[in-house]
Amino acid sequence: MSTEYDALMKIIKERRSIRRFKSDKIPKENIKMLIEAARWAPSGGNSQPWEFLIITDKEMIHTLKTVMTGVMANIQEGPLLICLCTNKNRKTTWTGYDIGCALQNILLSAHSMGLGACAIGGFDENFIGKLLDLPDDLEPCLFIIVGFPDKDAQAPPRRGVDELIVKEV
Ligand SMILES: Cc1cc2nc3c(=O)[nH]c(=O)nc-3n(C[C@H](O)[C@H](O)[C@H](O)COP(=O)(O)O)c2cc1C
């Protein structure tokens, strides 16, 4: 198999959800690189419905952790929180998938740069929107916490390829 596939698979397989971080700040250049990776994600009809809020203020990250108790309880406050938002004017039937593609690009590129990251979902959108003072046309849909990893994480088990392929028709 091609070495490009091997190199890509290494990044895909070695990426983990990281929930413990060192306190070191992330250079602005690296933050830009994460968003650069996101913007090249595929989207239905090339709608590019994503916009990002970069949160580096320690107090704001702490406040967000305090209000997202359900989803952030087991996650340490990292130096960077990215809020993936949907621009309502660019929404299509496929927006949820598009955001997932942008998420994966950010997670994989973070790992490739030696950063650790974890997606955070399932919070009160209206409350968070107000807290972050988001413009009316932006809906927060997912957060990603990012930082330099403080602890390696074990890979949770994956279902096997043979179990996933239902049949060949
Ligand atoms: C959309 C989405 C939302 C997630 N939300 C959370 C979350 O709120 N809290 C958390 O600890 N992990 C969250 N995760 C991380 C998953 O638990 C993790 O991806 C899964 O257990 C597989 O582990 P791995 O990422 O290390 O391969 C989320 C992942 C995705 C894709």
Side-chain angles (χ1 to χ4, degrees), residues 5-23 26 30 34-35 37-44 47-56 60-88 90-129 131-132 134 138-164:
Y5 176 84
D6 290 341
L8 180 60
M9 278 310 288
K10 182 171 160 56
I11 293 172
I12 289 175
K13 286 173 107 170
E14 290 182 358
R15 177 214 57 83
R16 290 277 68 75
S17 288
I18 299 297
R19 300 178 176 88
R20 296 283 170 273
F21 305 98
K22 294 184 174 138
S23 55
I26 300 178
N30 293 71
L34 296 175
I35 304 306
R39 97 185 167 93
W40 283 101
S43 59
S47 54
Q48 304 172 61
W50 42 62
E51 271 158 49
F52 307 90
L53 203 77
I54 303 297
I55 308 161
T56 50
M60 178 54 92
I61 293 175
H62 180 69
T63 305
L64 287 163
K65 180 171 166 79
T66 318
V67 297
M68 295 196 285
T69 43
V71 287
M72 241 184 123
N74 62 339
I75 301 177
Q76 196 190 340
E77 289 161 33
L80 167 67
L81 197 56
I82 302 175
C83 179
L84 276 70
C85 299
T86 299
N87 184 324
K88 288 181 193 168
R90 289 178 168 267
K91 254 184 149 176
T92 72
T93 320
W94 305 288
T95 292
Y97 302 107
D98 305 335
I99 294 294
C101 293
L103 164 70
Q104 180 73 331
N105 278 12
I106 292 176
L107 295 178
L108 292 177
S109 59
H111 176 67
S112 77
M113 289 178 224
L115 296 171
C118 184
I120 304 165
F123 43 84
D124 181 331
E125 283 175 35
N126 288 330
F127 185 65
I128 293 288
L131 189 63
L132 292 172
L134 288 178
L138 290 193
E139 280 172 6
C141 45
L142 208 58
F143 281 86
I144 309 177
I145 188 97
V146 190
F148 289 95
D150 195 26
K151 207 174 147 196
D152 286 342
Q154 290 292 315
R158 287 332 203 239
R159 297 164 67 196
V161 172
D162 291 343
E163 186 189 340
L164 299 180

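Computation of the quantities below employed the complete heavy-atom set of this structure, encompassing side-chain atoms and omitting hydrogens, waters and symmetry-equivalent molecules. Just follow the structure's listing: the first ligand is 1, and inside any ligand the first atom is 1. Residues: numbered from 1 along the sequence shown.
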Going by distance only, is there an N or O of Leu142 that falls short of 3.5 Å from an N or O of ligand 1?
no
Show the atoms of ligand 1 that are less than 4.0 angstrom away from any heavy atom in Arg16.
24 (P), 26 (O), 27 (O)
Can you find a protein heavy atom closer to atom 18 (C) of ligand 1 than 4.0 Å?
yes
Short version for Ala119: what comes under 4.0 Å of ligand 1, heavy atoms counted, is both
For the 3.5 Å polar cut-off, considering only N or O atoms, please tell me whether Ser17 and ligand 1 meet it.
yes
Would Ala155 count as a contact of ligand 1 if the rule is a heavy atom under 4.0 Å away?
no
Looking at every non-hydrogen atom in both residues, tell me the closest pair between Phe123 and Met68 and how far apart they are.
CB-SD, 3.8 Å
Out of curiosity, is Ala153 lining ligand 1, as in a heavy atom under 4.0 Å away?
no
For the backbone of Met72 and the side chain of Lys65, can you confirm whether one donor and one acceptor N or O come within less than 3.5 Å of each other?
yes
Against heavy atoms of Ile75, which atoms of ligand 1 measure under 4.0 Å?
9 (N), 10 (C), 11 (O)
Check Arg158 against ligand 1 and report side chain, backbone, both or neither, counting heavy atoms closer than 4.0 Å.
side chain
Where ligand 1 meets Asn74 - atom numbers and elements under 4.0 angstrom, heavy-atom basis:
11 (O)
Per-atom filter on ligand 1: closer than 4.0 angstrom to a heavy atom of Arg19 are 10 (C), 11 (O), 12 (N), 15 (C), 16 (C), 17 (O)
To the nearest 0.5 Å, atom CD of Gln104 lies from atom CD1 of Ile99 at 14.0 Å
